[in-house]
There are 2 protein chains.
Amino acid sequence: MSENPRGSGESGAPGVPGAPGALSDAFTADCPARDVLNHVGSRWGVLILAALGEGPMRFHVLRDRVGGISEKMLSQNLRALTRDGLTSRTVEPASPPRVTYALTPLGHELSSLFSGLVDWITLRVDDVLAAREAHDGGH
Amino acid sequence: MSENPRGSGESGAPGVPGAPGALSDAFTADCPARDVLNHVGSRWGVLILAALGEGPMRFHVLRDRVGGISEKMLSQNLRALTRDGLTSRTVEPASPPRVTYALTPLGHELSSLFSGLVDWITLRVDDVLAAREAHDGGH
DNA sequence: CGGTATCCCATGCGATACTG
DNA sequence: CAGTATCGCATGGGATACCG
């Protein structure tokens, strides 16, 4: 994403980025919170964290659990999540190398939120589909 | 929302979209739930729904609230969300046209989840940043 | 098994301009 | 005010091939 040319000219928006101890929320364009949101709320981030909420998993198990993800994307997202302190990577030295990913305490909090999201979608997907058809058909 | 429920777990045969009685969750690649997740969990979808959780808003107010969004993206996302039955679009016939967007009951449920996410990020962004610096510095 | 590197295309998204 | 249309590029992300 690019810089916001208008800067922080938000009217009434809470949080001034850069101010010491200021409350910076994800609604503000130029603040770190937005960056974290884009990481974590990416196409695969949600599913990976939600999957790891079910327990630690090895690479291929995780790849299996998150349907449709490529190894490249899994690896890439996992590195980003580990860098952000949300997941941990543990290597057990064995003849077949054994790498396990797990949630950190920080990641566990997020995982709970995302599990809630996944659950909501499972519950409401029919309603959304019905609304979509009603909208397309009726219009 | 759920603490850590296995509610979204796989029950029986996974990965067969359209199978009668099959529970289709967002972990499955080719199911509608995944599609909904990608819509709703997009870069702007989260912020738009979270913003509308504060109350109905007109176009430019919403554009102001969601820092950095272009009018094109706002319009595009708003149409998608309305099509999915998550937001409503109300036009008041006036000399300056007055259009107000609001959450539907369905959208309100999602908005609550996303507000939780935004709040979490606001709370934990410092921890993530610290972890990132520790990772980069130590590496 | 658990990755990384390269190629390449699809599309998300911003900038700009135009409309009712 | 509240959008839509068009252009163009940066990025996301799949396919494939290769490495420890």
Side-chain angles (χ1 to χ4, degrees), chain A residues 1-7 9 11 26 29-30 34-48 51-52 56-83 87-102 139, chain B residues 26 28-30 34-48 51-52 56-83 87-102 139:
Chain A
M1 68 177 153
S2 53
E3 301 295 298
N4 186 357
R6 292 178 298 125
S11 57
D30 286 339
R34 176 68 68 86
D35 188 54
V36 172
L37 175 61
N38 289 159
H39 265 222
V40 132
S42 72
R43 179 172 181 190
W44 299 115
V46 175
L47 290 173
I48 292 174
L52 284 177
M57 290 182 196
R58 292 174 58 188
F59 189 83
H60 274 214
V61 178
L62 198 50
R63 178 187 185 276
D64 239 27
R65 185 74 184 99
V66 180
I69 194 173
S70 66
E71 278 158 13
K72 174 189 169 183
M73 280 300 104
L74 182 55
S75 169
Q76 197 169 290
N77 277 271
L78 242 17
R79 253 184 292 133
L81 292 173
T82 301
R83 177 166 175 265
T87 56
S88 66
R89 184 180 187 271
T90 310
V91 184
E92 301 172 51
S95 23
R98 194 171 277 246
V99 181
T100 305
Y101 292 92
H139 192 69
Chain B
T28 309
D30 287 336
R34 176 68 68 86
D35 188 54
V36 172
L37 175 62
N38 289 160
H39 266 224
V40 133
S42 71
R43 177 174 182 189
W44 299 114
V46 175
L47 289 174
I48 292 174
L52 284 177
M57 290 182 196
R58 293 175 59 187
F59 190 82
H60 273 214
V61 178
L62 197 50
R63 177 187 185 276
D64 240 27
R65 184 74 184 98
V66 180
I69 194 172
S70 65
E71 278 158 14
K72 175 189 170 185
M73 280 300 104
L74 181 56
S75 169
Q76 197 169 292
N77 277 271
L78 242 16
R79 254 185 289 133
L81 292 173
T82 300
R83 178 168 173 263
T87 57
S88 66
R89 183 179 188 272
T90 309
V91 184
E92 300 173 51
S95 26
R98 193 172 278 248
V99 182
T100 305
Y101 292 91
H139 191 69

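Lettering follows sequence order; numbering is per chain, from 1.
To the nearest angstrom, C1' of C:dG12 lies 13 Å from NE2 of B:His39. In this structure, the CG atom of A:Asn38 is 15 Å from the P atom of C:dG12, given to the nearest Å. Spacing between atom CE of A:Met57 and atom P of C:dC1 amounts to 17 Å, rounded to whole angstrom units. Separating the CD atom of A:Glu92 from the C1' atom of C:dG2 is a distance of 13 Å, rounded to the nearest angstrom. In this structure, the CG atom of A:Leu62 is 12 Å from the C1' atom of C:dG2, given to the nearest Å.
One finds the CD1 atom of A:Ile48 at 7.0 Å from the OG atom of A:Ser42 (value rounded to the nearest 0.5 Å). Rounding to the nearest 0.5 Å places CG of B:Leu52 at 7.0 Å from OG1 of B:Thr87.
In this structure B:Asn38 satisfies the side chain to side chain contact (heavy atoms under 4.5 Å, CB included) test together with A:Arg43, B:Arg34, sequence neighbours excluded. Residues satisfying the side-chain hydrogen bond (donor to acceptor under 3.5 Å, both in side chains) test with B:Arg83, not counting sequence neighbours, are A:Asp136. With sequence neighbours left out, the side chain to side chain contact (heavy atoms under 4.5 Å, CB included) criterion links B:Pro56 to B:Thr100, B:Ala102.
Between B:Ala26 and B:Leu37, the shortest heavy-atom distance links the atoms CB-CD2, 4.0 Å. Of all heavy-atom pairs between B:Val46 and B:Gly41, the closest is CG2-CA, 4.1 Å. Taking every heavy atom of both residues into account, A:Ala51 and A:Arg65 meet most closely at CB-CG, 3.9 Å.
Over its full length, the helix from C:dC1-D:dG20 to C:dG20-D:dC1 turns its helical axis through 50°, comparing axes from the five pairs at each end and rounding to 10°.
Residue A:Arg89 places its side chain closer to C:dG3 than to any other of D:dG3, C:dG3, C:dG2. Set against D:dG3, C:dG3, C:dC1, the side chain of A:Arg58 has C:dC1 as its closest nucleotide.
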Which atom pairs, donor and acceptor, lie under 3.5 Å between side-chain atoms of residues 67-81 of chain A and protein residues at least two apart or in another chain?
| from | atom 1 | to | atom 2 | distance (Å) |
| --- | --- | --- | --- | --- |
| A:Ser70 | OG | A:Met73 | N | 3.3 |
| A:Glu71 | OE2 | A:Arg63 | NE | 3.2 |
| A:Asn77 | ND2 | A:Met73 | O | 2.8 |

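Residue A:Ser75 has a polar side-chain atom (N or O) positioned under 4.0 Å from OP1 or OP2 of C:dT4. Taking 4.0 angstrom as the limit, B:Tyr101 places none of its side-chain polar atoms (N or O) nearer than this to OP1 or OP2 of D:dC1.
In this structure, A:Arg63 reaches neither bases nor backbone, as no heavy-atom distance under 4.0 Å exists between it and the strands shown.
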Annotated protein contacts, base or backbone, on nucleotides 13-20 of chain D with a non-hydrogen cut-off under 4.0 Å, one of B, S, - each: BBB----B
